[in-house]
Amino acid sequence: MSAPLPRVRFAPSPTGYLHIGGARTALFNWLYARRARAEGKGTFVLRIEDTDRERSTEASVQAIFEGMKWMGLDWDEGPLVGGPHEPYFQTQRLATYEKHAERLIAAKKAYRCDCKKADLDVLREQAQKEKRGFKYPGICREKNLPKGTPGAIIRFRMPDEGETTFDDLVKGPITTSHKEMQDEVIVRADGVPLYNFGAVVDDLEMGITMVARGDDHVVNTPRQILMYQALDYPVPVFAHLPMILGADKQRLSKRHGAVSVLQYRDDGYLPGALVNYLARLGWSHGDQEIFSLAELIEKFDWKAVGATAGVFNPDKLLWLNQQWIKATPLPELAKLVRPYLVTRSALIGPTRTFDYASLTDARIVEVLPQALERSKTLIEMADLLLMFLCSGVAFDEASAKKHLTADAKPLLVAARDLFEQKMADGPHALEAAFRDLATAQSLGLGKIAQPVRVAVTGSTVSPPLFDTIVLLGKAEAMKRLDAAIARIG
RNA sequence: GGCCCCAUCGUCUAGCGGCCUAGGACGGAAGCCUCUCACGCUUCAAACAUGGGUUCGAAUCCCGUUGGGGUCACCA
């Protein structure tokens with residue numbers, strides 16, 4: 001047996017958006033495939049498991065594509081890109097499942113069953129009442145019901161004795177007794193397969209060599225292994241990723257805030273930061289916290305994936321996002337922040353105007369350095385940038401009330417002169433002039449700087465004052481100062 | 001409840017029998033820097049769930065207990 005070329009897959013069911021947990025599963029698979037590719041050949045397959053026709057939606061399919069694309073998780077085979085195992089939607093592969101199901105029936109490893117679901121539900125409830133485990137009693141095992149039997153489903157015949165063991169890549173050896181398994185339904189009456197069968201058939205048809213998925217599938221694994229064996233195909237390697245929990249240690253859900261990957265995009269996170277965070281949730285490489293995508297691909301290793309469930313920590317993601325912002329080249333950041341400039345500019349208020357049409361990337365790059373260390377998200381960054389990019393000020397009332405007073409008016413007038421004389425000489429010259437002014441008035445620099453800051457930026461909190469003023473340019477800075485002076489009256 | 005999995009600071013984790021008076025990161029506290037904010041820097045508080053073994057030696061290996069999670073569908 002030669003080692004097969006690594007082929008992995010991500011197989012979401014389109015019953016909702018791409019959430020954090022699914023995204024991490026996709027990421028780990030993708031990372032593994034990309035590293036394998038660097039060493040020769042590795043393939044990442046995307047397959048849509050839409051066999052739950054009740055809950056699957058086209059909108060979810062699109063949301064999954066969009067989420068993966070945003071994160072940069074491109075697939076080598078699957079919807080949109082095609083591949084040698086098309087189609088990649090399970091509901092379009094019914095003939096394939098039928099083929100394999102018939103093989104199982106012919107080999108007496110599966111059988112048709114026309115038991116009514118309602119009847120079985122009654123038995124199940126009864127068993128539950130008596131606190132017994134319930135297993136399908138095998139009523140139709142020997143009936144040999146023919147194809148075409150009305151309402152018949154297909155059940156897989158589980159062995160009565162023995163046990164199945166597999167060596168999970170992250171959890172180690174796991175053994176399950178066959179007594180725990182029942183003859184489960186693998187194909188519905190309408191020919192649509194159920195999860196355990198559809199996934200197995202597709203994974204073997206598509207030559208998947210490693211199945212990496214969520215923790216909640218460990219109990220399914222032995223049953224699936226039995227199916228691989230019944231179908232006479234080699235069993236892939238399995239890796240089960242621990243769950244991602246919310247702060248209350250419960251499974252992550254909408255209650256815990258944003259769980260859709262696209263929500264993080266909308267909230268101003270860089271895809272690289274989310275990827276970085278997700279990679280470190282459950283996997284580690286010594287003490288390193290920040291990884292570029294290239295480093296992740298190079299260093300990712302299943303051996304370093306932990307077996308413990310992890311709590312999603314929004315604070316750490318936020319910190320990481322800022323680290324990524326600071327590490328992103330300015331021109332790239334300018335392009336990234338643009339869309340947020342558009343959405344946030346709707347909120348600038350009546351006292352400011354924003355001319356997006358004439359906004360150049362060069363201008364964004366020029367003011368960007370001031371925002372780097374003050375923005376944890378692209379939203380915060382856009383808001384801060386708008387202070388530079390808009391014409392006019394929006395005063396923070398508390399700040400204005402405190403600093404734009406009659407006492408401050410002479411200082412603002414004096415500041416106006418300094419603007420006139422020194423601005424062209426740069427922030428340092430301007431600062432020196434203000435320091436001289438403060439000394440002459442026997443005041444601390446802060447006493448003058450704060451009113452001027454409020455006048456120019458609208459708030460007591462801003463980037464360094466003199467840099468800000470110079471960046472604004474003489475015309476705009478004067479305009480704002482005059483507005484503040486006028487406001488005092 | 002049956003079966004399965006898991007167990008180091010509040011959180012993510014390093015640790016794979018001696019290097020551990022248990023390291024890093026987020027968050028928290030204090031301080032420094034300073035025109036405000038932020039960044040940065042320094043320092044501090046903070047963990048091996050518990051009881052037995054094995055061993056010269058255990059956070060590391062084994063068993064029990066406790067706790068947490070998963071799963072018991074014609075969902076995936």
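Chain letters run A, B, ... following the sequence lines, proteins first and then strands; every chain starts at 1.
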| With the sugar-phosphate defined as primed atoms, P, OP1 and OP2, and the base as all remaining atoms, what B/S/- string results for nucleotides 64-73 of chain B, 5' to 3', for protein heavy atoms under 4.0 Å? | -----SBS-S
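Checking side-chain atoms of A/Arg213 against main-chain N and O of A/His240 turns up no donor-acceptor pair under 3.5 Å. A/Glu130 places no side-chain N or O within donor-acceptor distance of the main-chain N or O of A/Ala127, the cut-off being under 3.5 Å.
Residue A/Thr175 is classed as a sugar-phosphate contact, given heavy-atom separations below 4.0 Å to backbone atoms only. Among the atoms of the strands shown, none is found under 4.0 Å from any heavy atom of A/Cys113. At the heavy-atom level, A/Lys131 lies nowhere under 4.0 Å from the strands shown. The residue A/Lys326 sits close only to the backbone: its heavy atoms come under 4.0 Å of sugar-phosphate atoms, none of a base. Among the heavy atoms of the strands, none lies under 4.0 Å from A/Gly133. Within the nucleic acid shown, A/Gly282 comes within 4.0 Å of sugar-phosphate atoms alone, with no base atom in reach, counting heavy atoms only. Backbone-only engagement by A/Ser13 is indicated by non-hydrogen atom pairs under 4.0 Å involving sugar-phosphate atoms exclusively. Base contact: A/Pro463 has a heavy atom under 4.0 Å from a base atom. In this structure, A/Leu281 reaches the sugar-phosphate backbone alone: every heavy-atom distance under 4.0 Å involves primed, P, OP1 or OP2 atoms, never a base.
Atom-to-atom, CG of A/Leu169 to P of B/rC5 comes out at 16 Å; the value is rounded to the nearest Å. The CE-C1' distance, from A/Met381 to B/rC39, rounds to 13 Å in whole Å. As a whole-Å value, the separation of A/Ile139 CD1 from B/rC74 C1' is 15 Å. Whole-Å rounding puts the A/Lys376 NZ to B/rG40 P distance at 8 Å. Computed from coordinates, the A/Glu289 CD to B/rG27 P distance equals 11 Å when rounded to whole Å. Here the C1' atom of nucleotide B/rC26 and the OH atom of A/Tyr277 are 9 Å apart, to the nearest Å. One can place OH of A/Tyr97 at 11 Å from P of B/rA76, the figure rounded to the nearest angstrom. We find that CG of A/Leu241 is positioned 14 Å from P of B/rC6, with the value rounded to whole Å.
A distance of about 9 Å separates the C1' atoms of B/rA58 and B/rG18, rounded to the whole Å. Remark: the separation of the C1' atoms in B/rC26 and B/rC9 is 12 Å, to the nearest Å. B/rC44 and B/rU60 have their C1' atoms separated by 29 Å, with the value rounded to a whole Å. Taking the C1' atoms as reference points, B/rG70 lies 46 Å from B/rC37, given to the whole Å. For the C1' atom pair drawn from B/rU34 and B/rC41, the interatomic distance equals 13 Å after rounding to whole Å. With both ends at atom C1', the span from B/rU13 to B/rC72 equals 33 Å, rounded to whole Å. A gap of 9 Å separates the C1' atoms of B/rG28 and B/rA45, to the nearest Å. Taking atom P in both B/rG23 and B/rG69, one finds a spacing of 30 Å when rounded to whole Å.
At a threshold of 4.0 Å, the pair A/Glu125-A/Lys129 does not count as salt-bridged, since none of the basic side-chain nitrogens sits closer than that to a carboxylate oxygen. A salt bridge does not link A/Asp160 to A/Lys179: none of the charged nitrogens lies less than 4.0 Å from a carboxylate oxygen. At a threshold of 4.0 Å, the pair A/Lys135-A/Glu180 does not count as salt-bridged, since none of the basic side-chain nitrogens sits closer than that to a carboxylate oxygen. The pair A/Glu397-A/Arg487 meets the salt-bridge criterion, since a charged nitrogen lies less than 4.0 angstrom from a carboxylate oxygen.
Ring to ring, A/His403 and A/Phe395 are not that close: their centroids are 6.0 angstrom or more apart. A centroid separation of less than 6.0 Å is found between the aromatic rings of A/Phe312 and A/Tyr277.
A cation-pi contact links A/Arg155 to A/Tyr136, judged by a cut-off of 6.0 Å to the six-membered ring centre and 45° from its axis.
Within the shown strands, B/rC56 is the pairing partner of B/rG18 under the Watson-Crick or G-U definition, both distances less than 3.5 Å. When both distances must be under 3.5 Å, the Watson-Crick or G-U wobble mate of B/rU36 does not exist. Summarising the base pairing, B/rA25 is matched to B/rU11 through a Watson-Crick or G-U wobble pair whose two defining distances lie under 3.5 Å. Across the strands present, B/rA46 finds no partner; the criterion is a Watson-Crick or G-U wobble pair with both atom distances under 3.5 angstrom.
Look at A/Thr51 and you'll find a side-chain N or O under 4.0 angstrom from OP1 or OP2 of B/rA76. Side-chain N/O atoms of A/Thr176 include none lying less than 4.0 angstrom from OP1 or OP2 on B/rC4.
In plain terms, the two heavy atoms of A/Val365 and A/Pro369 that are nearest each other are O-CD, 3.2 Å.
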